[in-house]
Amino acid sequence: YERKMKTQLAELEKYFRRNSRLTQHQATIELGILRLSQRIIELEQRGWVFHHNMIEVPTRYTKSLVCQYVLLQRPKKK
């Protein structure tokens, strides 16, 4: 279990080197990460800074609010 979380964090770090925004839907489809909110909390504990932005997205019949994580700052190099 611990190893899988490290792998997911590594995938997120790689993703955020190329991109600055991510939603749960994108994380599930592109990275196979189902608990993005928990992984974001873990990155924040390591010094990453994110804005938690609620955005409106279309659904089949209406619209829905989802959280979009926007990278503001990477951790300082040690």
Side-chain angles (χ1 to χ4, degrees):
Y1 179 76
E2 180 74 20
R3 185 173 172 208
K4 188 173 187 177
M5 294 309 104
K6 287 181 182 176
T7 304
Q8 289 185 0
L9 289 177
E11 285 299 312
L12 275 176
E13 289 176 8
K14 188 164 58 171
Y15 179 89
F16 281 117
R17 280 197 288 271
R18 300 181 313 271
N19 306 279
S20 63
R21 301 168 188 272
L22 185 64
T23 65
Q24 176 62 63
H25 179 73
Q26 291 169 307
T28 301
I29 300 300
E30 297 176 30
L31 305 173
I33 296 174
L34 298 178
R35 294 190 57 213
L36 178 61
S37 60
Q38 185 59 40
R39 303 293 84 80
I40 293 293
I41 289 169
E42 291 168 7
L43 286 177
E44 288 175 333
Q45 290 170 345
R46 294 176 174 203
W48 294 69
V49 180
F50 293 92
H51 176 66
H52 301 221
N53 187 25
M54 297 304 288
I55 62 169
E56 203 171 77
V57 296
T59 63
R60 186 174 190 170
Y61 301 109
T62 183
K63 295 179 181 177
S64 182
L65 285 176
V66 299
C67 187
Q68 180 185 61
Y69 299 96
V70 181
L71 176 64
L72 299 178
Q73 182 180 333
R74 289 178 180 81
K76 302 277 190 256
K77 301 255 183 195
K78 293 180 182 177

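Note that this is a predicted model, so its numbers are computed, not measured. Scope of the values below: all heavy atoms of this structure, side chains included, with no hydrogens, waters or symmetry mates.
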*asked:* Restricting to non-hydrogen atoms, name the atom on F16 and the atom on R21 that form the minimum distance, rounded to 0.1 Å.
replied: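 Heavy-atom minimum between the residues: CE2-N, 4.2 Å.
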_Closest non-hydrogen atom pair between T59 and S64, with its separation_ =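 Distance-wise, the nearest heavy atoms are CG2-CB, 3.5 Å.
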Rounded at 0.5 Å granularity, tell me how far [atom1] in [X] sits from [atom2] in [Y].
{"X": "F50", "Y": "L43", "atom1": "CZ", "atom2": "CG", "result": "5.0 Å"}
{"X": "H51", "Y": "L71", "atom1": "NE2", "atom2": "CG", "result": "12.5 Å"}
{"X": "H52", "Y": "Q68", "atom1": "NE2", "atom2": "CD", "result": "12.0 Å"}

[Y] side chain reached by [X] side chain, heavy atoms, under 4.5 Å:
{"X": "Q8", "Y": "Q38", "value": "no"}
{"X": "L12", "Y": "L22", "value": "yes"}
{"X": "T23", "Y": "I55", "value": "yes"}
{"X": "V66", "Y": "H25", "value": "no"}

_Please determine whether side chain to side chain donor-acceptor pair (under 3.5 Å) holds for the pair E11 and T7, giving the CA-CA distance in whole Å, both sets of side-chain angles, and the decisive distance to 0.1 Å._
CA-CA 6 Å; E11 285 299 312; T7 304; over 6 Å; no
*Which one of R39, R46, R74 satisfies the salt bridge (Lys or Arg N to Asp or Glu O under 4.0 Å) criterion with E13?*
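Answer after filtering R39, R46, R74: R46.
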*Greater than 12 external heavy atoms within 6.0 Å of R18's CZ*: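 Yes, because the 6.0 Å sphere around CZ of R18 holds more than 12 heavy atoms from other groups.
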_Keeping Q24 on the side-chain end and L34 on the backbone end, is there a donor-acceptor pair under 3.5 Å?_
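A pair under 3.5 Å: yes.
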*asked:* Using a 3.5 Å distance criterion without hydrogens, assess whether the side chain of Q26 forms a donor-acceptor pair with backbone atoms of L31.
replied: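 Checked: no pair found.
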